[in-house]
2 protein chains.
Amino acid sequence: LADAVRWGIAGTGVIAHQFAAGLDQLSDAEVVAVASRTRDGAETFGTLHSIPHRHGSYEALADDPDVDVVYVATPNMRHASDALLFLRADKAVLCEKPFAMSAAEAKLMVRAAAERGLFLMEAMWSRFVPAYVTLRSLLGEGQIGEISLVEADLGFAMPFDPGGRLFSPAMGGGALLDLGVYPVSLCSMVLGPPAQVTAAGLVGSTGVDELVVATLRHAGGGLAVVKAGIRVGLSCAGRIAGSHGAIEIPAFVHCPDHLLLRGKRLDCAFDGEGLRFEAVEVHRCLRAGLTESPVMPLHESVSIMHTLDTIRSEIGVVFPGDS
Amino acid sequence: LADAVRWGIAGTGVIAHQFAAGLDQLSDAEVVAVASRTRDGAETFGTLHSIPHRHGSYEALADDPDVDVVYVATPNMRHASDALLFLRADKAVLCEKPFAMSAAEAKLMVRAAAERGLFLMEAMWSRFVPAYVTLRSLLGEGQIGEISLVEADLGFAMPFDPGGRLFSPAMGGGALLDLGVYPVSLCSMVLGPPAQVTAAGLVGSTGVDELVVATLRHAGGGLAVVKAGIRVGLSCAGRIAGSHGAIEIPAFVHCPDHLLLRGKRLDCAFDGEGLRFEAVEVHRCLRAGLTESPVMPLHESVSIMHTLDTIRSEIGVVFPGDS
């Protein structure tokens, strides 16, 4: 690895811009290349972020010899195929969440990375922001005792756009995959994989879940309730209840600036881009020769996809790729 | 009916004291009699609240000709049998929640009241406090549009007491019947009866639910999530999310002193005893010759018991009287 980690960015959407801005705040990151489906898209993004290589296809990015690791920020339904493209070109991959459209897809990605000894991680950036680092410390110290309930939701009253990505089953839209993945991941982090999943949802006219509520029962005894909505605002907060009190995670649960431990405020604010923290983890892992992050391990990303699959199945949301 | 409504109180627990204090704040209520299983219990309570008739049995209260209406505040597993005792003695009845141990019991009570043309109501006092009156007004005005999600929970970290009522299946203990009935009733008030109920719970060593999470799916499309806990503190808050924003019900959800309508605070504070408001409703109904309250109608009390039955069944909590 060179002094700076050399990044390629696949996709030029909002989150790709935020990620590029995050890398710009790191001294040891260099964004070498960007790829879009169109040359124009790559040029515009590359100019804005001063990225030298601008590729009009993801294949060209995969062939770029100057790239160590690719950040996959393409639409949900492309995550698996794009991640596989880059892994097969011997690039390490940081892949946006949802990690894939299904656990089956996620397993293919994990296998491809393992076969090549390459680093792969789900871009669950929340896990790396200061509040989540603090949260894991508090839980590790047993501050609230035995945990019986984890709750989290994320929901926004977005305009109904029947032609848009968010409302398209073919593009992996719906509340669950776009927003629900955050609370599901939080519950997984705190309680591990669920042993039993039940869910109810409101499926809209385009066939995606516009509201979803899921209850997860964990083998260790803890329960979790996750909610997500794309046409209705939810609390966007979280709460972890234990035998010795609760930790509250105020809005926004995926990137809070403080926590409340038994009502006491713990400041976790930070300046700059929230997405840079996951990049720091990628750098650390690459330099240490790790093929996955212990904070967001691959078996857990597969498990989270499995939970999302089960919830989707329970509420009757079907994607074209479902077998 | 005399100028003042003449009350009898069956039971001398904490809530009976609060109810007596509530009646004391009403100009048109007279507490004529109190009954306990023991003469001493009745005497002590009667002295404290200046109640002239003190009965050492519930049967004696049923036979008291000076009583118009009996407030049944006996332990959960006695609600149905005590309500039936008083109804059969031609008394109107206000019966503490949970209304009964099961929907089957509740139906017996409703039938007994109907056969005799007597007033009967579940003592779901929350429905009558100012915040709930305001809440119904806001919902009736369509302030938040179409409602897609109702959430509410109530949970307290109470000491584990394996010999106590709260932890006893025989006495109708557990989080659901003691605390969960409030959020279930709130959801019923807002969305009507659920069409589908799923639940998960943590059942403790004494066989009662110490934590319960239930998701209710309503025929009209709305979802509800209710939670209750007796060994873990929950938010004790509620939230109603609609297409035009949310109404938040801050702790304590069963008797809040304000609401938040799209973040705007609506003061609903009041002085004095919260339990008096349900008594005002009883007075109003009795004077109007009603046999049930339109605010807390009997079919809804039966439906709520049915929901509680289903949740209990889902989490495997069995009471001795279950058939």
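We name chains A, B, ... by the order of the sequence lines, and we start the count at 1 in each one. The structure displayed is predicted, hence computed values, not measured ones.
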Sub-4.5 Å side-chain heavy-atom contact between A:E151 and B:D153: yes

pair A:T198-B:T215: side-chain heavy atoms closer than 4.5 Å: no

Structural part of A:L216 lying under 4.5 Å from a heavy atom of chain B: neither

pair A:R231-B:S243: side-chain heavy atoms closer than 4.5 Å: no

Residue among A:A199, A:G245, A:A241, A:S235 with most heavy-atom pairs under 4.5 Å to chain B: A:S235

Heavy-atom contact with chain B under 4.5 Å, split by part of A:E248: neither

Closest-packed option against chain B by number of heavy-atom pairs under 4.5 Å, given A:G229, A:G233, A:A214: A:G233

Part of A:S148 lying under 4.5 Å from any heavy atom of chain B: both

Contact check, side chains of A:L149 and B:V232, non-hydrogen atoms, under 4.5 Å: no

Winner by heavy-atom pair count (cut-off under 4.5 Å) against chain B, out of A:A246, A:G221, A:A157: A:G221

Closest non-hydrogen atom pair between B:K227 and A:V225, with its separation: CD-CG2, 4.4 Å

Check: A:L202 main-chain N/O paired with B:R217 side-chain donor or acceptor under 3.5 Å: no

Proximity breakdown for A:A200 and chain B, heavy-atom pairs closer than 4.5 Å: both

